[in-house]
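This one's a predicted model, so the numbers in the text were calculated from it and none came from an experiment. Each ligand, and each atom within it, is numbered from 1 in the order the structure gives.
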Amino acid sequence: MAQLAVNVDHVATLRQARGVTYPEPVAAAIAAETAGADGIVVHLRGDRRHINERDVRLLRKIVQTKLILEMAASNEMLGIALDIKPDIVTLVPETKEEISTEGGLDLINHKNHIQETVSTLKNAGIDVCIFIDPDLDQIKIAHKIDADMIEIHTGAFCDATTIAQKQKEFSKIVDAAKIGTKLNLEVNAGHGICYNSIKAFKGLSEIKEFSIGHSIVARSILTGMEQAVRDMKKLVSAL
Ligand code: PXP
């Protein structure tokens, strides 16, 4: 059965919109776990636009399932990860201009640097996942540089507006999930997944975990966090 990792970044987005102390992402994480989340995800960005270091430190103390830290492969973030020791680090690309992560890591052009980062994290006992486009050449490099897992970027599929485009993007995800599994990488997926698009993944058992944030936090405003997570968990469990 596929698992659900809940990203609570956008609870912090709402807090930062007013520069106040609420809503509390740690409280959201506790509610998400109570409702059955299999992991809690946060992205500590260089510009600290939502999650900050204090959030990650508190989450490290209270998360009962597993704490997944998304971060760029920068020296600053590496230092923080080695100090806080999340269970898993997901390496992502990051630019200041983007609204959210726009694509997977380009391992073809940044192989050596990412390989060094993977090795440093793994030596510290942290499992490493690479956020990656559904591109077979990129996935083969993720395997070569000894990543433990990949998270396939589902954004292009979720954002596609025509059936033909959706089918084309989904078939790339299917191929990527199969090759990743064949290479003994744990295969996860995420970005842009909502309560409708999650249903498309039915039967694609190669995907072990879905990382979902925005749609869950958006629903939680109307239903409460526990209900929003329960609703998504039910859909993920039915895949
Ligand atoms: N996975 C990664 C690597 C991401 O960067 C994000 C966005 O922070 C997500 C998953 C979650 O995406 P969404 O908020 O669209 O569900």
Based purely on interatomic distance, does [X] place a nitrogen or oxygen under 3.5 Å from a nitrogen or oxygen of ligand 1?
X	answer
E70	yes
I193	no
E151	yes
G192	yes
S215	no

[X] and [Y]: side chain donor to acceptor below 3.5 Å:
X	Y	value
Q227	D231	yes
D133	H153	yes
E151	H191	no
E226	T34	no

What atoms of ligand 1 come closer than 4.0 angstrom to any heavy atom of [X]?
X	answer
G213	13 (P), 14 (O), 16 (O)
F131	3 (C)
I212	16 (O)

Contact summary for L185 and I150, nearest pair of heavy atoms: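 It is CD1-CG2, 4.0 Å.
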Per-residue contact class, D9 against ligand 1 - non-hydrogen pairs under 4.0 Å: side chain
Salt bridge present between R48 and E76 (N-O < 4.0 angstrom): yes
